[in-house]
Trainee: 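Sharing a structure with you now.
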Amino acid sequence: MPQTFLGEAQGEWFTATTQRQGQLLSDAVALQHLEPFMGRTLGPAEAAREVGVSVERMIYRVRQFLEAGLLSGSAGPGRVRRLYSAPAGFQLPLHLTPFPTLEGQLSMLTRHLDALRTRAMARELTHYGQAGMLLYRDAGGKVTLEIELPDRATHDAMKTHSRSDAFMDILHLGDAQAARAQALLEELRSLRVGASEPADGRHPYLIQVALVRLLPEDVQELKPAPGQ
């Protein structure tokens with residue numbers, strides 16, 4: 001069973017083996033039509049209502065999934081009613097995806113979160129009077145380009161009101177410091193338990209954290225040049 005980090009599949013897993021399976025499992029529209037059947041058994045009409053498409057459109061997709069081996073059918077109540085089901089989880093090897101490299105695949109999977117973070121941060125900063133950019137040499141001799149934040153009092157008020165904050169930097173850590181950062185990341189991950197769905201008194205927050213060891217050339221590549 002594959003190791004998952006964002007949840008746990010409740011049921012059997014299926015590993016794609018053909019180009020057609022890879023094509024359908026990489027197609028966002030096809031996946032919308034496959035999703036109702038994953039780990040469940042239901043008819044085309046029920047699936048069509050969930051997705052918000054016509055029954056004819058769903059039946060067309062069902063035929064595609066059956067031909068590709070992603071869906072199985074069984075007899076339902078009545079003489080003509082058919083029910084369909086798909087595995088609860090799919091494993092898609094990289095060579096069957098439309099991405100020539102793992103970097104391209106990761107970029108696709110995270111781009112919507114990156115865009116959401118940027119939009120939400122810009123909304124917060126605009127509301128609290130963000131003014132522009134800052135370019136300066138700090139006490140350690142490092143030249144830095146960053147967003148100009150509101151003054152400290154306003155920034156503190158922003159954190160208190162919406163609990164919004166952000167931190168991104170490249171740090172040079174020893175093993176003990178890296179281990180501490182890793183433990184903090186695990187603590188953040190533990191917040192997922194019971195917090196994945198809306199509930200009274202709760203607000204949605206985007207938490208996006210990465211602890212990744214870099215190569216020296218990565219640091220130079222990521223360093224923004226003035227004016228960029």
Side-chain angles (χ1 to χ4, degrees), residues 2-7 26 28 94 97-199 201-228:
Q3 174 63 58
T4 59
F5 293 97
L6 299 180
S26 300
L94 179 63
T97 74
F99 308 101
T101 65
L102 184 56
E103 182 177 345
Q105 187 183 57
L106 289 173
S107 295
M108 184 277 293
L109 291 173
T110 59
R111 66 187 178 188
H112 66 290
L113 288 175
D114 293 334
L116 178 60
R117 183 196 68 238
T118 300
R119 183 168 66 250
M121 288 177 63
R123 183 173 60 237
E124 287 282 317
L125 291 170
T126 299
H127 178 74
Y128 286 98
Q130 184 271 334
M133 306 294 295
L134 298 176
L135 176 67
Y136 62 95
R137 186 183 300 276
D138 63 20
K142 177 183 176 182
V143 174
T144 297
L145 177 67
E146 66 178 46
I147 296 173
E148 182 179 2
L149 297 173
D151 59 56
R152 174 56 60 184
T154 305
H155 189 213
D156 290 344
M158 180 178 70
K159 290 194 295 183
T160 301
H161 177 262
S162 65
R163 302 297 180 190
S164 297
D165 205 351
F167 172 78
M168 288 180 285
D169 204 351
I170 296 174
L171 305 180
H172 298 264
L173 306 176
D175 287 343
Q177 292 172 310
R180 182 184 174 218
Q182 192 173 46
L184 291 172
L185 193 153
E186 288 295 330
E187 184 178 346
L188 278 173
R189 186 178 284 122
S190 71
L191 294 177
R192 292 191 68 253
V193 179
S196 297
E197 298 296 331
R202 294 181 179 179
H203 304 280
Y205 285 86
L206 173 62
I207 300 177
Q208 197 173 16
V209 182
L211 176 67
V212 184
R213 189 166 182 172
L214 302 176
L215 298 174
E217 52 265 35
D218 294 330
V219 178
Q220 293 302 316
E221 179 183 342
L222 292 174
K223 181 179 180 181
Q228 289 189 343

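What's counted below: heavy atoms across the whole structure, side chains too, no hydrogens, waters or symmetry copies. All figures in this text were calculated on a predicted structure; none of them were measured in a lab.
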Trainee: Does any pair with a residue in residues 176-188 pass salt bridge (charged side-chain N to carboxylate O under 4.0 Å, His left out), and if so which ones, sequence neighbours excluded?
Mentor: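 Pairs touching residues 176-188 that pass the test: E186-R189.
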Trainee: Within a 6.0 Å radius of atom CD on Q208, are there more than 12 heavy atoms belonging to other residues, nucleotides or ligands?
Mentor: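 Yes, enclosed.
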Trainee: Can a salt bridge be assigned to the pair D114 and R117 using a cut-off of 4.0 Å between side-chain N and carboxylate O?
Mentor: yes
Trainee: Give me the atom names and distance for the closest heavy-atom approach of L188 to V209.
Mentor: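 In this case the closest contact between L188 and V209 is CD1-CG2, 3.6 Å.
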Trainee: Take atom CG in D175; do more than 12 heavy atoms of anything else shown fall under 6.0 Å from it?
Mentor: no
